[in-house]
Amino acid sequence: MADEAKAKEDEKKEKDKPEPKDNLVETQHEVTIKGQKISYTVTTGTIVLKEETEKDGKAEGHKPKAEIFFIAYTRDGIENRKKRPITFSFNGGPGSSSVWLHLGVLGPRRIVTDKEGNLLQPPYGLIENEHSILDQTDLVFIDPVSTGYSRAVEGEKPRDFHAFKRDIEYVGDFIRLYCSRYGRWTSPKFLAGESYGTTRAAGLSGYLQERHGMYLNGIMLISVVLNFQTIRFPIGNDLPYILYLPTMTATAWYHKKLDKQLQANLKNTLAEVRQFALTEYTLALMQGATLPEKERVKIEKKLSRYLGLTMEFVKRCNLRVQYMRFCKELLRDQRRTVGRLDSRFLGIDRDAAGEYFEYDPSYATIQGPYTATFNDYVRQELKFESDLPYEILTGKVWPWNYEPHLNEFANVAETLRKAMTINPFLKVYVANGYYDLATPFLATEYTISHLDVDPSLMKNIIMRYYEAGHMMYAHLPSLVKMKADMDYFLETAVPTQK
């Protein structure tokens with residue numbers, strides 16, 4: 001009886017508990033893009049995402065599950081908002097907020113940086129982003145649960161949201177809800193994801209289509225990982241060694257560790273190394289211990305030349321130079337390491353004899369500026385106040401549940417193929433950084449070339465390359481090029497207005 005009484009008391013407390021409410025603020029701003037002054041409205045805050053509940057097989061109500069933080073930019077003065085393109089953007093991790101694409105490339109404000117994207121002396125600041133795509137499309141930046149200011153509501157377990165399948169579902173449900181509330185169902189719709197955000201975007205292309213009947217015009221995939229077999233290095237998986245090689249060569253080229261012939265022209269060198277990786281090197285690795293000694297020595301010499309490393313080191317690695325070892329080894333004689341996210345950047349470790357670097361110098365370059373400027377921007381300019389920490393990039397989402405891909409490599413390339421097949425108007429823009437050692441460009445090329453999409457649809461995919469890393473927009477010349485490339489993509493993916 002005591003247990004029954006307690007259960008009733010708990011049920012009453014649950015019913016009496018006040019429900020979380022949406023918390024939104026609006027502000028007005030201006031930005032100049034391509035010489036044109038654009039007025040826009042920003043909606044900042046949290047929307048409570050609810051889930052239908054049932055009792056005895058009948059609909060009972062809606063239960064709050066999570067508060068999703070977002071920032072939406074809508075251009076003012078648009079006569080027919082329903083025909084205005086809208087782009088939903090997020091980053092990756094898993095565990096990252098949407099701040100990188102937001103303040104790095106897409107939004108109307110961006111980080112102050114030098115031409116190369118080097119770390120400047122604090123304090124940091126924001127400036128108008130004349131390279132924003134707000135002139136082409138409205139923008140909605142979404143923070144997944146446990147990142148940014150997004151949180152599971154009281155009584156819900158945050159870990160339930162830290163999962164491959166659940167992540168796609170609730171982000172997709174948020175997009176549906178936003179389109180319903182703000183009248184955007186007939187707008188041309190785009191997704192923009194970076195890193196694991198490309199995994200999410202490809203998954204959403206299927207979920208939105210199949211669950212909500214929402215067909216997209218395009219997806220912008222920036223620093224791509226759709227097939228995790230291409231970037232994971234467990235024993236027995238030789239594929240990443242092949243696919244990382246050209247990016248490591250590009251890194252050695254940038255730091256002038258190659259011979260005179262290879263240093264002459266980056267693109268020519270990468271074409272040569274790409275060919276070697278996909279032919280001689282692949283055949284050598286496939287032979288394993290049966291590779292003849294003469295052939296082994298030949299491959300060792302070529303790897304040494306293409307990597308800027310000694311033959312002895314390549315030999316000790318058994319022809320398989322893992323990229324984190326490479327980051328430590330390339331400039332060991334200078335007591336420097338190279339970055340993972342962007343191998344142009346250098347770090348200094350206490351232990352120059354170690355196997356892996358102590359920190360990623362390319363992440364250290366962006367962490368401070370993006371964190372400080374966002375926290376100032378959201379309160380001072382967007383007028384949204386919260387005493388929660390804005391989780392820029394958190395480890396709280398780990399361990400990440402990859403179900404239904406347990407005991408196998410997660411792969412959403414097939415989801416994208418099916419989405420493109422069902423919706424043959426779906427366009428895909430792919431951005432690759434030559435110096436990206438997190439999601440190397442040959443791995444992306446491999447994934448796209450193995451989509452097995454019908455040849456008639458391959459024209460819907462455009463690949464672009466930038467002389468920078470994972471966040472290629474940190475490099476100002478690449479940011480300028482990205483703006484032109486994304487403008488072209490958006491224009492070709494939106495139907496001509498009649």
Side-chain angles (χ1 to χ4, degrees), residues 49 65-70 88-102 104 140-152 156-175 191-208 219-234 240 324 340-341 360 362-363 366-367 370-371 374 388-413 415-416 436-440 443-444 447 470-471:
L49 205 59
K65 302 295 285 186
E67 295 176 291
I68 305 299
F69 180 76
F70 72 100
F88 296 92
S89 176
F90 31 77
N91 277 84
S96 177
S97 66
S98 61
V99 69
W100 315 107
L101 289 177
H102 181 185
V140 182
F141 296 95
I142 305 168
D143 288 340
V145 172
S146 299
T147 76
Y149 291 133
S150 295
R151 299 290 189 273
E156 296 296 318
K157 297 176 181 177
R159 68 172 178 269
D160 289 344
F161 296 89
H162 306 159
F164 169 85
K165 186 172 182 288
R166 184 72 176 116
D167 174 81
I168 290 169
E169 290 172 346
Y170 79 76
V171 173
D173 294 344
F174 172 86
I175 292 172
L191 304 178
E194 179 178 278
S195 197
Y196 186 86
T198 66
T199 309
R200 181 183 294 120
L204 282 167
S205 71
Y207 180 76
L208 289 173
I219 305 177
M220 290 176 269
L221 302 178
I222 300 161
S223 302
V224 179
V225 54
L226 305 185
N227 178 357
F228 281 73
Q229 186 180 3
T230 63
I231 65 166
R232 295 285 190 256
F233 288 82
M324 291 295 282
R340 171 179 175 263
L341 294 175
D360 181 354
S362 51
Y363 180 64
I366 58 176
Q367 181 186 20
Y370 278 82
T371 303
F374 182 87
L388 289 172
Y390 186 82
E391 298 287 358
I392 294 282
L393 181 61
T394 179
K396 292 180 180 179
V397 305
W398 293 95
W400 189 257
N401 180 359
Y402 278 94
E403 191 177 357
H405 299 284
L406 299 180
N407 300 317
E408 65 181 26
F409 294 108
N411 188 353
V412 290
T415 304
L416 179 59
D436 179 2
L437 282 169
T439 56
T444 301
T447 300
H470 199 66
M471 286 88 162

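Being a predicted model, the structure only gives us computed values, none of them experimental. Throughout, numbering of the chain's residues begins at 1 and tracks the sequence.
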Do [X] and [Y] come within less than 4.5 Å of each other through their side chains, counting heavy atoms only?
X	Y	answer
L416	I219	yes
S150	F70	no
Y196	F164	yes
T415	S205	yes
V171	I68	no
S195	H470	yes
P240	I231	no
N91	V99	no

Output yes when a side-chain donor or acceptor of [X] lies under 3.5 Å from a complementary backbone atom of [Y], and no otherwise.
X	Y	answer
T230	A443	no
N227	T447	no
Y170	V145	yes
N411	Q229	no
W398	H162	no
T198	V225	yes

**OP:** Dump the intermediate steps for side-chain contact (heavy atoms from CB on, under 4.5 Å) on F174 and V140, then the final yes or no.
**Re:** CA-CA 11 Å; F174 172 86; V140 182; 4.3 Å; yes
**OP:** Applying side-chain contact (heavy atoms from CB on, under 4.5 Å), run through Y363 and L393 and close with a yes or a no.
**Re:** CA-CA 11 Å; Y363 180 64; L393 181 61; 3.6 Å; yes
Original post:
Any idea how H102 and F141 line up, ring-wise: parallel (<30°), tilted (30 to 60°), or perpendicular (>60°)?
Top reply: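 Answer is parallel, since the angle falls under 30°.
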Original post:
Using the ring of each side chain (for Trp, its six-membered ring), is Y402 parallel, tilted or perpendicular to W400, with breaks at 30° and 60°?
Top reply: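 Ring orientation, 0 to 90° scale: perpendicular.
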Between atom [atom1] of [X] and atom [atom2] of [Y], what is the distance when rounded to the nearest 0.5 Å?
X	Y	atom1	atom2	value
E169	L204	CD	CG	10.5 Å
T371	I366	OG1	CD1	9.0 Å
D160	D167	CG	CG	13.0 Å
F69	S98	CZ	OG	8.0 Å
R159	S146	CZ	OG	11.5 Å
S89	I222	OG	CD1	7.0 Å

Subject >> Sidechain N-carboxylate O distance under 4.0 Å for E67, R151 >> reply: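 No, E67 and R151 are not salt-bridged.
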To check you understand the geometry: which heavy-atom pair defines the closest contact between [X] and [Y], and what is its length?
X	Y	result
S97	G148	CB-N, 3.8 Å
G203	V412	N-CB, 4.4 Å
D360	S362	OD1-OG, 2.5 Å

**OP:** Walk me through it: do R340 and M324 pass the test side-chain contact (heavy atoms from CB on, under 4.5 Å)?
**Re:** CA-CA 8 Å; R340 171 179 175 263; M324 291 295 282; 4.2 Å; yes
Original post:
Under the 6.0 Å and 45° cation-pi test, does R200 pair with F90?
Top reply: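 R200 over F90 ring: yes.
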Subject >> Side chains of T439 and D436, donor plus acceptor under 3.5 Å >> reply: yes
